[in-house]
**Q** 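This is the structure I have questions about; it appears just below.
Heavy-atom basis, side chains included; hydrogens, waters and symmetry copies ignored. Numbered from 1 within each chain, the chains take letters A, B, ... in sequence-line order. Source: prediction; values computed, not measured.
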Number of protein chains: 2
Amino acid sequence: MAVSELSIGVAPGVPLYQDVKRKILDVVRRGDWKPGDTIPSEKRLAERFGVSIGTLRKAVDALVTENLLVRRQGRGTFVTTHDESRYVYSFFHVLRHDGFKEPPEVQLVAFDRVKADSYAASMLGLDASAPLFRVVNLLKLGGKPVVIDEICVPAGLFRGLTEKRARDRKVTLYQLYQADFGVTVLRTDERVRAVKADATTASLLAVPRGDPLLKVIRRALSFNDKPIELRFSYISTERYEYNSEPVALS
Amino acid sequence: MAVSELSIGVAPGVPLYQDVKRKILDVVRRGDWKPGDTIPSEKRLAERFGVSIGTLRKAVDALVTENLLVRRQGRGTFVTTHDESRYVYSFFHVLRHDGFKEPPEVQLVAFDRVKADSYAASMLGLDASAPLFRVVNLLKLGGKPVVIDEICVPAGLFRGLTEKRARDRKVTLYQLYQADFGVTVLRTDERVRAVKADATTASLLAVPRGDPLLKVIRRALSFNDKPIELRFSYISTERYEYNSEPVALS
DNA sequence: CAGTGGTCTAGACCACGTC
DNA sequence: ACGTGGTCTAGACCACTGG
């Protein structure tokens, strides 16, 4: 390594554990530890970074709360992967009115390559008219259409994505992002509006044109809050609803 | 005190710091430390509960992440109050399309005493037809009506709440709950649907009848996730939108 | 059984706020 | 100057997992 990982030359005023946290993050980003990997034990890491176990644990604690690492007692600490069942639908917020979350049945409706409009470019942090892949999915719940997803991702990040791969995947899109393109979704932000169903959306969802739908605008973010996806979801809330995560005083 | 707070007789398998956390919680719930109070220093608390400072800190850490306590370096640790400016609108999720949060101008539209229907009773954990206070507010943003709030609270928890007090308050409703009734809102859960504006809502919001509105169903929770409020918000999203909190992989 | 993370101790020293 | 929370150490022992 070019620069020592030992804690010589840390900026003054920065807590050691934050510096250690950043160094662990660097290793993950560099790809030395990949999603699903076990990372070295806390004892080894403490030696490697030249800090006490308590400090090393504090750094790992922070990464665990940010969902970059997962601890399993007796086994080790792992880099988060989307393949674990508990994560697979953690970003899917459409539930039955009784609160039950059904797994959606996904149908690809459209796939194309488009140029970013100014809104998409600013939301994704790209130059205007940057190339995007655009995927439109229809999600059925309980056998009936409930959600239309319009998904835009930078073509540069997902070189080689094709209609066939988007259609034939056996996993969620975010699992595909991670497994095939090394892109990990860590966070999303979402904003919700109520809109009237336009003609095409209404026909896909089998509701009258003009019916009220939720429009959810989602950005999916990776390391350093880098935006990697912009998604518009149109949701019929006749039998389902959008569940906001519990909010605590903050 | 009837039972010693020292850690004799802790259930086996329960970490000490969780026991300490529960004991601190008990003191707050008992009202010995009220919202806004400084609690004793970490050194004193460690002595009082017979644990090391590290363990005491871990208990306080947990209560801080649950927003029951607030630490301020050099000053002390405080019981959370809703009066701090950073908390005042933390449960208000209606923002301008550009992401700016304006403080709402609130007008009381109706105040009455009603019996809980079966839905409200189950959401609030009450018996059917338990007495409720019902408050209807109109919220203006940028001078124009944007939100109708219909708020239901158990009459038993808010004895003495009157139309005048609901109208004349100089603070948010949650500050009123805490200051006048000792009820602290710690968390909310929210579910969102899209609905057509009915006649009365449409006229209050000055939108055409049948226009799409967000309907947000919120429960406000206190200690032990006890429900203390059920609220229906009808939101016109022409110029504003509902902002879901950022969601992380979980 | 060995190795992992989880808990806990008993200090030390630092950074910050208040007086 | 003093008291507060914030960081950090260098261990010990416990609980869980896997071979």
**Q** Take A:I24 and A:F49 through the side-chain contact (heavy atoms from CB on, under 4.5 Å) test and state the conclusion after the steps.
**A** CA-CA 9 Å; A:I24 296 175; A:F49 294 122; 3.8 Å; yes
**Q** In this structure, are over 12 heavy atoms from other groups packed under 6.0 Å from A:D168 atom CG?
**A** yes
**Q** Rounding to an integer number of Å, can you tell me how far A:F49 CZ sits from D:dC8 C1'?
**A** 17 Å
**Q** How long is the line joining CD1 of A:I39 and P of C:dT4, in whole Å?
**A** 12 Å
**Q** Between D:dG5 atom C1' and B:K43 atom NZ, what is the distance in whole Å?
**A** 14 Å
**Q** Just how far, in rounded Å, is C1' of D:dG11 from CG of A:L56?
**A** 15 Å
**Q** Looking only at side-chain N and O atoms, does A:S52 come under 4.0 Å of OP1 or OP2 in D:dA10?
**A** no
**Q** For B:R165, is the CZ atom crowded, meaning more than 12 foreign heavy atoms sit under 6.0 Å from it?
**A** yes
**Q** Could you tell me whether A:R57 contacts a base, only the sugar-phosphate backbone, or nothing, with contacts defined as non-hydrogen atoms closer than 4.0 Å?
**A** base
**Q** Could you please name the option among D:dT4, C:dG6, C:dC8 that lies closest to any side-chain atom of B:L16?
**A** C:dC8
**Q** Please give, in whole Å, the distance from D:dC8 P to A:E47 CD?
**A** 19 Å
**Q** Considering just the side-chain nitrogens and oxygens of B:Y17, establish if one lies under 4.0 Å of OP1 or OP2 belonging to C:dT7.
**A** yes
**Q** Of B:P40 and A:G74, whose nearest nucleotide on DNA chain D comes first from the 5' end?
**A** B:P40
**Q** Between A:I53 (CD1) and C:dT4 (C1'), how many Å, whole number?
**A** 11 Å
**Q** Would you indicate, yes or no, if D:dG3 has its OP1 or OP2 atom less than 4.0 angstrom from a side-chain nitrogen or oxygen of B:S41?
**A** no
**Q** Check the distance between D:dG5's P and B:L69's CG and give it to me in whole angstrom.
**A** 11 Å
**Q** Should the pair B:K23-B:D26 be classified as a salt bridge under the 4.0 Å nitrogen-to-oxygen rule?
**A** no
**Q** Please tell me which of the listed nucleotides, C:dA10, C:dT18, D:dG5, lies nearest to the side chain of B:R75?
**A** C:dT18
**Q** Of the listed nucleotides (D:dC8, D:dG5, D:dT9), which one gets closest to any side-chain atom of B:E42?
**A** D:dG5
**Q** Kindly say if B:K58 contacts the phosphate of C:dT7, meaning a side-chain N or O under 4.0 Å from OP1 or OP2.
**A** yes
**Q** Of A:T55 and A:Q73, whose nearest nucleotide on DNA chain D comes first from the 5' end?
**A** A:T55
**Q** Return the value, rounded to whole Å, for the distance between atom CZ of B:R72 and atom C1' of D:dG3.
**A** 17 Å
**Q** Please check if the number of heavy atoms outside A:K101 that lie under 6.0 Å from its NZ is greater than 12.
**A** yes
